[in-house]
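These notes concern the structure reproduced below.
Remember, predicted model here, so these are calculated numbers, not experimental data. Just so you know, ligand 1 is whichever comes first in the structure, and atom 1 is the first atom listed for that ligand. Along the sequence shown, residues are numbered consecutively beginning with 1. Excluded from the calculations below are hydrogen atoms, water molecules and symmetry mates; all remaining heavy atoms, backbone and side chain alike, are included.
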Amino acid sequence: MRDRVEALVERALSAIDSAESAEALEEARVRILGRKGELTALLRQMKQVDPDDRPAFGAMVNAARDRVQQELERRGQAMEARERARKLESDTIDVTMPGRIRPTGDLHPLTQGIREVTQIFVQMGFTVVEGPEIETDFYNFEALNTPPFHPARDVQDTFYINDFVLLRTQTSPMQVRQMEGQDPPVRVVVPGKVYRRDPMDATHSPVFHQIEGLLVDKDVTFADLAGTLTQFARTFYGKDRKVRFRPHYFPFTEPSAEMDVSCALCGGQGCRVCKYEGWIEILGSGMVHPNVLRAVGYDPDELTGFAFGMGVERIVMLKYGFDDVRLLYENDLRFLEQF
Ligand code: DAH
């Protein structure tokens, strides 16, 4: 009996040793240890063994099984290690190969414009705030010294939601909301969307962007307005650009002025872009009207301030020298990728 067991182990070990694949190894395992395997068959012969010899026989077969199992495991691990080494060898990567570059998105030129402009004012001590696009007639017009039937309403043809509620035609209502909400001094810039009933063409869009500014404190003068806005224009458009202020009319400022910058294209000589003026208008501004200060409960004898508002589309188009706002809304990548 002992010889048979030993012979069996001998055969098993050499089968395991010569197995060259996981499948071959598994085949060997089944042939020896499986339900119909050789070692299992040997165990079944227990009955023929003399009862006195059975314990010794059992121990012998168990030892043989352990031995075979150990050997199976060892061989399996060795094969795995070999396989892993082979993989590592063939999978080596060439770190000098140029990578595949993923296309990354960029900020829209309007977003870039808003960030650049507001950043310039932040450096001068202004805070950035945003306000509601759905406004009331009161904030959009009335509190800004623009009562019903005021002629200034005509140039801002308005989307009304009902008699009192509308889509804001300007960011100026945030002047009122800011002053209402805090004690002076107030120093804010307000970027945002505004709406007007204009058909879309090269220079109009029913929705566009403005940036509003407001500074209210004691002893604020027109010189502060001029200095602040000149500093802004030079930072945004370049040091060599000239600026000028022209008297204008806005209901909520007095006096009011528009600011022009010298044309970048012709340097002020006059060309098609500036309509042979040499100057291009970039914003409206003025000293906050006493009626506006009164509407929010500020004392106009004690406080003064200046305000300004600019169209983002316009200043971005002037900066980069194109002349059709629709380019900013069509999302044509050939256009957008240039910024
Ligand atoms: N809200 C004006 C507009 O939409 C622009 C403007 C002009 C804003 C003068 C101001 C300002 O704050 O002082 O045309």
Side-chain angles (χ1 to χ4, degrees), residues 114 117-118 121 126-133 135 137-147 150-159 166-180 186-198 203-217 220-230 232-233 243-260 280-293 295-296 298 300 303-315 325:
I114 288 172
V117 171
T118 52
F121 285 102
F126 286 74
T127 305
V128 183
V129 295
E130 288 181 310
E133 290 167 23
E135 262 296 4
D137 188 274
F138 174 79
Y139 284 108
N140 196 80
F141 290 125
E142 202 122 352
L144 288 167
N145 201 33
T146 319
H150 192 290
R153 290 199 180 203
D154 292 349
V155 295
Q156 300 190 0
D157 204 352
T158 308
F159 287 113
L166 46 77
L167 296 180
R168 67 178 177 191
T169 59
Q170 49 188 355
T171 42
S172 306
M174 273 304 282
Q175 289 186 28
V176 181
R177 288 183 180 276
Q178 279 298 302
M179 288 190 282
E180 266 183 353
V186 175
R187 234 188 265 150
V188 290
V189 279
V190 189
K193 288 193 184 77
V194 300
Y195 301 82
R196 291 184 196 179
R197 291 182 46 176
D198 289 324
T203 54
H204 294 86
S205 163
V207 45
F208 60 103
H209 300 75
Q210 285 189 335
I211 297 173
E212 190 79 14
L214 174 70
L215 184 148
V216 181
D217 203 344
V220 178
T221 68
F222 196 91
D224 296 314
L225 178 160
T228 306
L229 295 179
T230 302
F232 156 72
V243 302
R244 73 175 183 188
F245 291 88
R246 268 180 302 101
H248 200 73
Y249 173 80
F250 296 106
F252 36 87
T253 44
E254 180 60 35
S256 303
E258 283 188 335
M259 184 169 84
D260 298 340
I280 294 172
E281 178 250 314
I282 63 161
L283 56 80
S285 65
M287 301 305 290
V288 180
H289 197 291
N291 286 351
V292 177
L293 295 172
V296 298
Y298 281 13
L303 295 163
T304 49
F306 67 81
F308 55 91
M310 63 187 93
V312 181
E313 281 77 356
R314 192 179 165 78
I315 60 164
V325 279

Step through it carefully: locate the ring centre of Phe121, locate the ring centre of Phe232, and say whether they are under 6.0 Å apart.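 Centroid distance Phe121-Phe232: below 6.0 Å, so yes.
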Evaluate the ring planes of Tyr195 and Phe159, with Trp represented by its six-membered ring, and classify them as parallel (under 30°), tilted (30 to 60°) or perpendicular (over 60°). perpendicular
In terms of the angle between their ring planes, are His248 and Phe250 parallel, tilted or perpendicular, with boundaries placed at 30° and 60°? tilted
Counting from 1, what ligand 1 atoms have a heavy atom of [X] closer than 4.0 Å?
X: Ser172; value: 1 (N), 8 (C)
X: Gln210; value: 3 (C), 4 (O)
X: Phe250; value: 7 (C), 9 (C)
X: Thr253; value: 13 (O)
X: Gly286; value: 13 (O)
X: Ser285; value: 9 (C), 11 (C), 13 (O)

More than 12 heavy atoms from other groups under 6.0 Å of CD on Glu133: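 Atom CD in Glu133 is packed in, count exceeds 12.
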For the residue pair Gln175 / Glu212, report whether a side-chain donor-acceptor contact shorter than 3.5 Å exists.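 Indeed, the side chains of Glu212 and Gln175 share at least one donor-acceptor pair under 3.5 Å.
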With a cut-off of under 6.0 Å to the ring centre and 45° to the axis, is Arg177 in cation-pi contact with Tyr139? yes
Minimum non-hydrogen distance to atom 12 (O) of ligand 1, winning option of Met259, His289, Glu212, Met287: Glu212
Does at least one non-hydrogen atom of [X] fall below 4.0 angstrom from an atom of ligand 1?
X: His248; answer: no
X: Phe252; answer: yes
X: Met310; answer: no
X: Arg196; answer: yes

Note: Met179 and Leu214 closest approach over all heavy atoms is CG-CD2, 3.8 Å
Test applied, side chain to side chain contact (heavy atoms under 4.5 Å, CB included); reference residue, Thr169; option that passes from Arg196, Arg153, Gln210, Arg197: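 For Thr169, the side chain to side chain contact (heavy atoms under 4.5 Å, CB included) check succeeds only for Arg196.
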Taking both backbone and side-chain atoms of Gly213, is any N or O found less than 3.5 Å from an N or O belonging to ligand 1?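 So ligand 1 has no N or O lying under 3.5 Å from an N or O of Gly213.
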The closest protein heavy-atom partner of atom 2 (C) of ligand 1 is Gln170 OE1, 3.7 Å
How far does CD of Glu281 sit from CZ of Arg244, to the nearest 0.5 angstrom? 10.5 Å
